[in-house]
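Before any comments, here is the structure.
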Protein chains: 2
Amino acid sequence: MSDCDACVVRNRAICSALMPDELAALSKLGRKQMVSRGQTLVWEGDESLVVANVIQGVLKLSVSTQDGREQIVGVVFPSDFIGRPFGKESPYGVTALTDAEVCIFTRTAFDGFAKEHPDLQHKLLQRTLDELDRARQWMMLLGRKTASERIATLLIEISDRLGASGCSPIAPFLEKFELPMDRQQMGDLLGLTIETVSRQLTKLKEAEIIELPDRRSVIIKDRRRLENIATAA
Amino acid sequence: MSDCDACVVRNRAICSALMPDELAALSKLGRKQMVSRGQTLVWEGDESLVVANVIQGVLKLSVSTQDGREQIVGVVFPSDFIGRPFGKESPYGVTALTDAEVCIFTRTAFDGFAKEHPDLQHKLLQRTLDELDRARQWMMLLGRKTASERIATLLIEISDRLGASGCSPIAPFLEKFELPMDRQQMGDLLGLTIETVSRQLTKLKEAEIIELPDRRSVIIKDRRRLENIATAA
DNA sequence: CGTCGGATTGAGCACCGTCAAGGAGAGTGG
DNA sequence: CCACTCTCCTTGACGGTGCTCAATCCGACG
């Protein structure tokens with residue numbers, strides 16, 4: 001793997017902290033890997049053996065109860081970092097929501113490299129802090145928002161993150177996009193059932209706030225009203 | 001503030017990454033401060049001006065909607081770190097649940113110091129990763145657990161963290177402890193109402209799994225059964 | 001055209017929220 | 001010492017949001 005220079009996330013992933021020679025050293029430790037939709041990269045509770053950068057695609061982090069209830073606790077987009085560096089087992093599983101491409105490292109090799117490169121660790125710290133903020137915002141959603149507020153928040157969030165992760169040219173958010181997940185996964189992310197997700201989407205459609213051309217596509221027709229619903233005024 | 005050596009959290013807070021001379025330098029940047037129950041150290045949405053280590057007491061991190069719903073998104077115990085280093089505004093407020101003592105720094109001074117001390121940043125990264133794991137476990141609770149599972153999980157968690165934070169001699173967890181919060185705050189943390197919290201506690205008491213000698217005290221009589229309820233088998 | 005997976009829609013119900021009344025304990029003042 | 005108050009908690013009755021179970025629909029694919 002020597003084409004980091006050509007990597008589409010070169011300037012947005014944590015690698016952007018590195019000088020060319022450092023990058024070359026890191027690239028020797030990792031390799032690109034394709035992950036197809038539904039494939040699991042890390043199992044919940046397993047020892048944390050690998051970490052990775054997302055190059056393309058979307059993956060979920062999820063936790064399950066013994067009786068099969070699932071909660072998605074994070075969604076990662078291109079340029080995001082995956083995995084639990086510095087020891088421990090992974091408290092969540094990592095599974096591809098869409099076909100994806102990742103730049104993967106063994107955890108121990110990455111840990112060693114990171115210890116030698118404070119700038120990389122700094123980037124990783126900033127990302128982890130951002131991720132923590134996002135997780136906490138989501139806790140507000142799960143603990144206190146109604147079903148319709150949750151759905152609206154999700155649509156805004158996906159629109160924003162697909163925009164930001166450069167899956168689009170330049171827009172800060174997208175008016176029209178493909179959902180990187182099915183209804184069940186939306187439910188697992190929002191703490192709702194598939195039926196409630198479906199009903200709330202139908203309501204938004206009937207209120208002419210969104211359109212649903214097919215089961216994966218969303219068009220936001222009235223972003224202002226959607227934001228009002230999402231922020232739970 | 002020159003008595004870091006005597007600090008009760010010296011060996012558990014992030015300061016443990018520092019050599020004596022470094023510690024002396026850091027101590028010049030900060031000062032100890034008392035915070036009384038109910039007092040807010042940082043307001044939600046304010047620019048992030050300070051960070052701190054918790055020396056004594058318990059504080060909450062919380063987010064509110066415009067219409068007054070509140071969700072507690074984190075609880076910090078002695079030796080834990082507070083605040084949002086490296087820029088940005090604080091997306092949550094920080095308020096003392098009990099009288100507390102913190103070791104406080106201006107964010108900019110701390111950021112500058114941290115950049116110069118990779119070991120400190122490393123500790124901070126590990127703590128942030130742990131905090132993120134804990135937040136994600138809590139997302140599972142908020143999204144998928146029932147009221148009784150939530151209450152049981154909370155009691156186990158508080159018992160464990162009070163034990164670990166050295167508020168007790170050596171025990172890994174406590175059989176008897178004081179809740180650092182009232183019923184309303186338990187509800188805000190669990191995504192429940194005060195009434196539901198009360199009813200579920202009564203149920204656990206009637207099942208002889210716990211005792212409630214007074215409104216703040218809990219005795220765990222049958223930890224095994226409590227854990228079974230908590231893990232949502 | 002039939003099948004299959006995912007999505008929608010409907011009917012009924014349960015859990016938990018809402019509203020309201022009452023209780024327990026600490027502190028205050030007569 | 002005992003009302004009085006105040007805060008916090010508990011308990012009860014009722015209703016609504018979202019879950020469960022089930023039928024139907026829709027599009028893709030053979």
Side-chain angles (χ1 to χ4, degrees), chain A residues 36-38 60 65 67-71 97-98 140-155 178-207 210-219 229 232, chain B residues 36-38 60 65 67-71 97-99 140-155 178-207 210-218 229 232:
Chain A
S36 47
R37 176 190 290 192
K60 69 172 181 178
T65 55
D67 64 354
R69 282 171 278 173
E70 176 169 336
Q71 177 66 45
L97 290 173
T98 67
M140 153 58 77
L141 176 146
L142 293 172
R144 293 304 191 194
K145 287 191 179 178
T146 64
S148 55
E149 290 163 358
R150 295 183 199 201
I151 291 285
T153 306
L154 177 65
L155 295 178
E178 299 264 300
L179 293 168
M181 63 191 78
D182 62 26
R183 297 291 186 268
Q184 179 63 56
Q185 290 157 346
M186 293 173 73
D188 291 342
L189 183 52
L190 296 170
L192 298 171
T193 59
I194 187 173
E195 294 94 334
T196 301
V197 170
S198 184
R199 278 186 252 269
Q200 295 299 333
L201 284 173
T202 303
K203 271 194 193 169
L204 289 176
K205 187 177 64 181
E206 284 171 350
I210 61 170
E211 276 178 40
L212 301 168
D214 62 71
R215 52 179 59 176
R216 288 268 174 175
S217 301
V218 177
I219 300 172
I229 297 172
Chain B
S36 47
R37 176 191 290 192
K60 70 171 180 178
T65 55
D67 64 354
R69 282 171 278 173
E70 177 170 335
Q71 177 66 44
L97 290 173
T98 68
D99 289 344
M140 153 57 76
L141 177 147
L142 293 171
R144 293 304 190 194
K145 286 191 180 179
T146 65
S148 56
E149 290 163 359
R150 294 184 199 202
I151 292 284
T153 306
L154 176 64
L155 295 178
E178 299 265 298
L179 293 168
M181 62 191 80
D182 62 26
R183 298 289 186 270
Q184 179 63 57
Q185 290 157 344
M186 293 173 73
D188 291 341
L189 184 51
L190 296 172
L192 298 172
T193 60
I194 187 172
E195 294 93 334
T196 301
V197 170
S198 185
R199 277 187 254 269
Q200 295 299 333
L201 284 172
T202 303
K203 270 194 194 171
L204 289 175
K205 187 176 66 180
E206 284 171 349
I210 61 170
E211 275 178 42
L212 302 168
D214 63 69
R215 53 180 58 173
R216 287 267 174 175
S217 302
V218 177
I229 296 172

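What's counted below: heavy atoms across the whole structure, side chains too, no hydrogens, waters or symmetry copies. Lettering of chains follows the sequences in order, A, B, ..., and the numbering in each one begins at 1.
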Worksheet item: Measuring from R199(B):CZ to I194(B):CD1, what's the distance to the nearest 0.5 Å?
Response: 11.0 Å
Fill in: Any side-chain donor near an acceptor of the partner, S148(A) and K203(A), under 3.5 Å
no
Worksheet item: R69(B) has an atom CZ; how far is it from atom P of dT18(C), in whole Å?
Response: 9 Å
Item to complete: Go through dC16(C), dA7(C), dG18(D) for me and flag the one nearest to the T146(B) side chain.
Response: dC16(C)
Discussion item. Is R183(A) close enough to dT8(C) that one of its side-chain N or O atoms is under 4.0 Å from OP1 or OP2 there?
Written reply: yes
Worksheet entry | Student check: side-chain heavy atoms of R150(B) and T196(B) closer than 4.5 Å | no
Worksheet item: Between atom CG in L212(A) and atom P in dC26(D), what is the gap in whole Å?
Response: 15 Å
Worksheet item: Which ones in residues 189-207 of chain A lie close to DNA chain C, meaning a heavy atom under 4.0 Å from one of its atoms?
Response: E195(A), S198(A), R199(A), T202(A)
Fill in: Distance in angstrom units between M186(B) CE and dG17(C) C1', rounded
18 Å
Worksheet entry | D214(B) CG - dA24(C) C1' separation (whole Å) | 12 Å
Response to the item:
The single option from L141(A), I229(A), L190(A) that satisfies side-chain contact (heavy atoms from CB on, under 4.5 Å) with T153(A) is L141(A)
Worksheet item: Does K145(A) or Q184(B) map to a spot on DNA chain D nearer the 5' end, using the closest nucleotide for each?
Response: Q184(B)
Worksheet, complete the sentence: Between E206(B) and the options T202(B), I210(B), L204(B), the side-chain contact (heavy atoms from CB on, under 4.5 Å) test singles out T202(B)
Worksheet item: How about D188(B) and M181(B): do any of their side-chain heavy atoms sit closer than 4.5 Å?
Response: no
